[in-house]
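Computed from a prediction, not measured in an experiment: that's the story for all the values here. For reference, positions follow the sequence shown, starting with 1.
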Amino acid sequence: MPPGRQRPSSRHAPELRAAARHLARRRFLTVSAAAAALAFGTHLPATGAASSAELDAARITDDPFTLGIASGDPWPGSVLLWTRLAPEPYQADGGLAQQRLVVEWEVADDERFGAIVRRGTAIAHPEVHHTLHVEVDGLDAGRMYYYRFRAGTWISPTGRTRTAPAATGPASALTFAAVSCQAYHEGYFTAHRHLADDDVDVVLHLGDYLYEYAVDAAGGARKYTDRVLPALFNRETVTLEDYRLRYALYRSDPDLRAVHAMHPFIVTWDDHETENNYAADRDENGTPPATFLLRRAAAYRAHWENQPLRASQLPNGPDARAQLYRRLRWGTLAQFDVLDTRQYRSDQAYGDRPHIPGPESDDPARTITGAAQERWLIDGWRTSDAVWNVMPQQVCFSQRKLDLSPVAKVSMDAWDGYRASRERVLAGAKAAGIDNLMVLTGDVHVGYAFDIKDDFGNPSSRTLGTEIVTPSIASGGDGIARPTNWATYLSANPHLKFYNGQRGYVRVRLTPQAARTDFKTVSAVTTPGAPITTAASFVTEAGDQGLKPA
């Protein structure tokens, strides 16, 4: 365990530690244990429930919309609207104590709200940290809308969102961005500010929305001189309160609030929303699984509370599982199969160290997705009629040799450490006749563009698809265009067509004829306001897989 890191069990309330001991014995919770274990009690309050006193919204004296608004998971005719009310966001209760609050919401055709098409009320319950997840139905497919919330005399910022086209209808184009890895303590979210101004239909967040590591009073590499962050952030997140407060810190960032207000998001998670490189119920420190599951349950609950996710993604069950993998469509142009490669995976082989492939990592029983998710993915491809099948997920999918040895080391945390999983998935894509496969990846803090080969050991083998790895938003600090291993990686991996070590995001435009990918990068994140440039652009033609410089 690195210096200064605290054992995950040490700050949990006594009743949660008791629940962990019970879980260790039985691997499921009795009714009484579930009632005691808040982190596992993730169900929403029942309709009409009055478990807390109601606060008169007219008595709120400070802006409750300090953490902004968001929308997500656009469906044809439906979108999810999110906010969290917190007049004092760095307090554990957000300044609203254990009181519920009635909030109004509106959706309109225009930014001035002259033509309101849907409106209603929702209750912000303290049990879910005064967050709202409003599923608005009855909207037109393939339309842009504006939305806002009202609590008493306070009105939220205006958000812009859109619905997806009809599932069976054609779509002439789709422009989306992919982002990941936004460590607050390693830099400003400048790329998000530029993305807020970009003309995209939807943003896919591929994980590491927040980091569990301590953030000091100066905001780490941000080196604040105009504010002092509370000491409560200067520790690793372990408890439900820790994770909730960390989301408050991240969502207090104006650039992150801006990009959420301008575009709907489709989110998934990677490891740092919970703990570095965890695998299912195993963390990197060897904590007993029952104890780690308490931490994971707290992280999963806080994640759902603070993201524009629908009720179907709400964690539930004895170890607070959450089905984050899901399928969205953009007419017949694109199908998005959003994966979760953390919750169901086998533990990393060879101690999670870079290693040459061997019997341990290549065991066919090992999985990075779990059997159910793997079947769901391949079954979805069999019935897909989309031109482009896009797979947003977390870790490098393509082979990535880390050195020039005849038998090179690879990452045991990526799909290289689960080659049997990758082979099954690619076999499923081939059997389903998927002609245009695009894998979207985050995690590694750099931009890559890979051709996905039928045989990675044979550069002349068939190209089955492309993998686009988005740079980080801030993780890793400023970065450089050509890291020290740049030449090694390009030489060791002939299917790697681009490698850049700066921060930024990826912009992809899909049409029935082609996919264009632009790598957008900023020169620095340790100081705010850096300009954005296009580091490289590639085109992949429909029916002719492979990346070509644009």
Side-chain angles (χ1 to χ4, degrees), residues 72-76 78 80 164-168 171 174-180 201-207 264-270 307-310 312-313 321-345 367-398 414-415 418 421-443 450 452 464-470 506 508 510 515 517 540 542 545:
D73 275 23
W75 294 354
S78 176
L80 186 285
T168 58
L174 163 65
T175 304
F176 65 83
V179 299
S180 73
D201 297 308
V202 66
V203 176
L204 292 110
H205 201 297
L206 305 177
F265 270 55
I266 299 170
V267 301
T268 185
W269 55 35
D270 194 13
Q307 296 291 6
L309 290 166
R310 294 177 182 264
S312 52
Q313 275 69 62
R321 288 181 179 268
Q323 186 172 314
L324 211 61
Y325 66 85
R326 61 203 188 279
R327 182 168 292 121
L328 298 97
R329 291 182 59 92
W330 205 266
T332 56
L333 180 61
Q335 175 172 296
F336 292 93
D337 295 293
V338 183
L339 298 193
D340 171 3
T341 63
R342 283 292 161 194
Q343 189 174 183
Y344 313 102
R345 67 160 65 194
T367 176
I368 196 171
T369 61
Q373 184 177 192
E374 184 180 289
R375 287 193 301 270
W376 167 86
L377 173 63
I378 294 171
D379 288 347
W381 283 339
R382 290 187 182 125
T383 59
S384 174
D385 61 355
V387 177
W388 296 94
N389 285 274
V390 184
M391 192 174 87
Q393 54 94 53
Q394 292 74 37
V395 294
C396 277
F397 182 82
S398 301
W415 288 76
Y418 303 81
S421 266
R422 183 169 63 201
E423 290 169 5
R424 290 191 296 267
V425 166
L426 289 178
K430 289 187 289 184
I434 297 302
D435 294 323
N436 304 302
L437 173 64
M438 176 179 287
V439 177
L440 301 177
T441 301
D443 182 61
F450 288 102
I452 300 172
L464 302 178
T466 58
E467 180 180 9
I468 305 301
V469 181
T470 183
V506 164
V508 178
L510 300 180
T517 300
T540 301
Q545 291 298 280

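When His205, Arg342, Gln394 are each tested for a side-chain hydrogen bond (donor to acceptor under 3.5 Å, both in side chains) with Asp270, only one passes: Arg342.
At least one side-chain heavy atom of Leu206 sits less than 4.5 Å from a side-chain heavy atom of Leu440. For the pair Gln373/Ile368, no side-chain contact is recorded, criterion being any heavy-atom separation below 4.5 Å from C-beta on. For the pair Tyr418 and Thr367, the minimum side-chain heavy-atom distance is 4.5 Å or more. For the pair Asn389 and Trp381, the minimum side-chain heavy-atom distance is below 4.5 Å. Taking the side chain as every heavy atom from C-beta outward, Thr268 and Leu339 never approach each other to under 4.5 Å. Residues Thr369 and Leu377 have side chains not in contact (no heavy-atom distance under 4.5 Å, counting atoms from C-beta outward). By the 4.5 Å heavy-atom criterion applied to side chains, Phe265 and Val202 are not counted as neighbours. Two residues are said to be in side-chain contact when any heavy atoms from C-beta on lie closer than 4.5 Å; Val439 and Ile452 meet this criterion.
Scored by the side chain to side chain donor-acceptor pair (under 3.5 Å) test, Trp415 finds Gln393 as partners (sequence neighbours excluded). Trp376 pairs by the ring pair (Phe, Tyr, Trp, His ring centres under 6.0 Å) definition with Tyr325, not counting sequence neighbours. When the side chain to side chain contact (heavy atoms under 4.5 Å, CB included) test is applied to Ser78, the partners found at least two apart in sequence or on another chain are Trp75, Asp137, Arg310.
Under the 4.0 Å criterion applied to side-chain N and carboxylate O atoms, Arg326 and Asp73 are assigned as salt-bridge partners.
Here CZ of Phe176 is found 10.5 Å from CG of Asp201. Values are rounded to the nearest 0.5 Å. Summarising the geometry, atom CG belonging to Leu309 is positioned 8.5 Å from atom CH2 belonging to Trp269; distances are rounded to the nearest 0.5 Å. The distance from the CD1 atom of Ile378 to the OG1 atom of Thr383 is 12.5 Å, given to the nearest 0.5 Å. Note that CH2 of Trp330 is 14.5 Å distant from CD of Gln335, once rounded to the nearest 0.5 Å. Once rounded to the nearest 0.5 Å, the distance linking CD1 of Ile266 with CZ of Phe336 reads 5.5 Å. Taken to the nearest 0.5 Å, the OG atom of Ser384 stands 5.5 Å off from the CZ atom of Arg329.
Outside the 6.0 Å centre-distance limit, the rings of Phe397 and Phe450 are not counted as a close aromatic pair.
Nearest heavy atoms, Val469 versus Cys396: CG2-SG, 4.5 Å. Considering every non-hydrogen atom in both Val508 and Thr517, the closest pair reads CG2-OG1, 3.8 Å. The minimum heavy-atom distance linking Ser180 with Gly442 is given by the pair OG-CA, 3.4 Å. Closest non-hydrogen pair, Leu204 versus Pro392, comes out as CD2-CG, 3.4 Å. Across Ala386 and Ala334, no two heavy atoms sit closer than the pair CB-C, 3.8 Å. Across Gln343 and Arg321, no two heavy atoms sit closer than the pair OE1-CA, 3.1 Å.
Counting only N and O atoms by type, the side chains of Gln545 and Asn436 include a donor and acceptor under 3.5 Å apart. Of the N and O atoms on the side chains of Thr332 and Asp385, not one donor lies less than 3.5 Å from an acceptor on the other residue.
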**Request:** For Arg424 and Glu374, run side-chain contact (heavy atoms from CB on, under 4.5 Å): C-alpha distance rounded to whole Å, both residues' side-chain angles, the deciding distance at 0.1 Å, then the answer.
**Result:** CA-CA 8 Å; Arg424 290 191 296 267; Glu374 184 180 289; 2.9 Å; yes
**Derivation and outcome, side-chain contact (heavy atoms from CB on, under 4.5 Å), residues Gln323 and Ser312** = CA-CA 8 Å; Gln323 186 172 314; Ser312 52; over 6 Å; no
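When atom types are taken as modelled, the side chain of Glu467 and the backbone of Ser398 share a donor-acceptor pair closer than 3.5 angstrom.
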